[in-house]
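Note that the numbering runs from 1 along the sequence shown for the chain. Keep in mind that the numbers below use all heavy atoms, side chains included, and drop hydrogens, waters and symmetry copies.
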Amino acid sequence: MDDDRAARAIRQQVRTDRLFGLEAVPVRPAGSSQPRQTSQNKSQALRIMDEQEVRKCTRCDLCRSRTQTVFGEGDPDAALMFIGEGPGQTEDEQGRPFVGRAGELLNKMIVAMGLAREQVYIANVVKCRPPDNRTPVPEETAACWDYLRRQIEIIQPRVIVALGAPAAKMLLETKVGIMKLRGTWQSFNMVQPPIPVMPTFHPAYLLRAYTQDNRAKVWSDLQQVMEMMKK
Ligand code: SF4
């Protein structure tokens, strides 16, 4: 096709599109409202957010007491994402999420699911350690929320596991407690398509209340996640 004919064909296509109410050529895959990103693009977008924003962040008072920020880690293309509350002492020292005792338990949970830690992505609602490991206050979670929302948008996991009440409340925009939410499928609706969320107990809570009943509940929640991942 010569240049004139190609130009005429494009003009005709545009006129036809306008007849059907289309003003622009779609750039996203059918059925998706977000552009697909390659693993490399995702990795780069996460690294830039960490290096240029999170590490320098002073949006809330937690910046004063932190040793370092804890952005999150794992496969940038992970199908499964675990989201906890915030860094503890060991995480604050090492700059990595879930590396203390609770992290060891999370690792065991991941292995029991037939996965390796490197295959999932792990992050927290707040990126700086609250003093004395207290629960982050609403002002702190609100200040930090945009980072986590963007991490989810970039990674586009198929399933999210919310570990504990603060993560579940932020992701699901609810005041319902973790005791009622856990074990029931919920939905993270701030991205399209929405992402299924399984709320369960935080590993730190499980360590404090290491009963057979609680362990069975968490394992049952994770089994539901494994079933969902097969679909
Ligand atoms: S917790 Fe989040 S919002 Fe607050 S200073 Fe740290 S990175 Fe910034």
Is it the case that one hydrophobic cluster holds both V225 and M81, taking links as side-chain heavy atoms less than 4.5 Å apart, direct or via other members? no
Do you know the tightest heavy-atom contact between P131 and S65? CG-OG, 3.7 Å
Same cluster or not: M170 versus I122, using hydrophobic residues (I, L, V, M, F, W, Y) connected whenever any side-chain heavy atoms lie under 4.5 Å apart? no
If you take all heavy atoms of P87 and N124, which pair is closest and at what distance? N-ND2, 3.8 Å
Are the side chain of R158 and the backbone N or O of M229 linked by a donor-acceptor pair below 3.5 Å? yes
Hydrophobic cluster membership, L171 vs I154, 4.5 Å side-chain cutoff: yes
L80 and I110: side-chain contact (heavy atoms from CB on, under 4.5 Å), yes or no, with the steps? CA-CA 10 Å; L80 180 59; I110 293 168; over 6 Å; no
Spell out, yes or no, whether L105 and I83 are grouped together once hydrophobic residues are joined by side-chain heavy atoms under 4.5 Å, including indirect joins. no
Nearest 0.5 Å please: distance from the CD atom of Q224 over to the CG atom of D221. 6.5 Å
Without swapping roles, check the side chain of D75 against the backbone of D77 for a donor-acceptor pair under 3.5 Å. yes
Mind running side-chain contact (heavy atoms from CB on, under 4.5 Å) on E85 and V125 for me, showing each step along the way? CA-CA 5 Å; E85 177 179 323; V125 171; 5.8 Å; no
If you draw a 6.0 Å radius around CZ in R47, do more than 12 non-hydrogen atoms from other residues or ligands fall strictly inside? yes
Shortest non-hydrogen contact from P203 toward A102: CB-O, 3.4 Å
Do V197 and V176 land in one hydrophobic cluster if side-chain heavy atoms of ILVMFWY residues count as linked below 4.5 Å? yes
Please report the shortest heavy-atom distance between C57 and Y147, naming the atom on each side. SG-OH, 3.2 Å
One should read off an interatomic distance between R215 CZ and Y210 OH, to the nearest 0.5 angstrom, of 4.5 Å
Atom pair CE/CE of M198 and M226 - distance to nearest 0.5 Å: 12.5 Å
Indicate yes or no: does D146 engage R149 in a salt bridge with an N to O separation below 4.0 Å. yes
Using a 4.5 Å cut-off on heavy atoms from C-beta on, say whether the side chain of T69 contacts that of C128. yes
Which of V161, T174, L181 passes side chain to side chain contact (heavy atoms under 4.5 Å, CB included) with P199? It is L181
Using modelled atom types and a 3.5 Å cut-off, is there a donor and acceptor pairing between side-chain atoms of R59 and backbone atoms of A143? yes
Which pair of non-hydrogen atoms, one from E93 and one from Q68, has the smallest distance, and what is that distance? O-NE2, 2.5 Å
Whether R117 engages the ring of F98 as a cation-pi pair (distance to the six-membered ring centre under 6.0 angstrom, angle to the ring normal within 45°) should be assessed. no
Would you check, one step at a time, whether the test side-chain contact (heavy atoms from CB on, under 4.5 Å) holds for L62 with R129? CA-CA 7 Å; L62 293 182; R129 181 193 179 203; over 6 Å; no
Whether E153 and R150 form a salt bridge (side-chain N of Lys/Arg under 4.0 Å from carboxylate O of Asp/Glu) is what I want to check. no
Roughly how far apart are I160 CD1 and Y121 OH, rounded to 0.5 Å? 12.5 Å
Spacing of CG belonging to L115 relative to CE belonging to M109, to within rounding of 0.5 Å: 12.0 Å
Is it true that a side-chain atom of N214 and a backbone atom of A209 form a donor plus acceptor pair closer than 3.5 Å? yes
Main-chain N/O of F71 paired to Q151 side chain as donor or acceptor, under 3.5 Å: yes
Quick one: do the Q44 and Q40 side chains pair a donor with an acceptor below 3.5 Å? no
Taking all heavy atoms of R66 and all of R55, pick out the closest pair and write down the distance. NH2-O, 3.4 Å
Side chains of M179 and F201 in contact at under 4.5 Å (non-hydrogen atoms): yes
Lys/Arg N to Asp/Glu carboxylate O, E140 vs R134, below 4.0 Å: yes
Between CZ on residue F82 and OG1 on residue T200, distance to nearest 0.5 Å: 9.5 Å
Do N189 and S187 meet the criterion of a side-chain donor-acceptor pair at a distance under 3.5 Å? yes
Backbone N or O of P97 within a donor-acceptor pair of the E91 side chain at under 3.5 Å? no
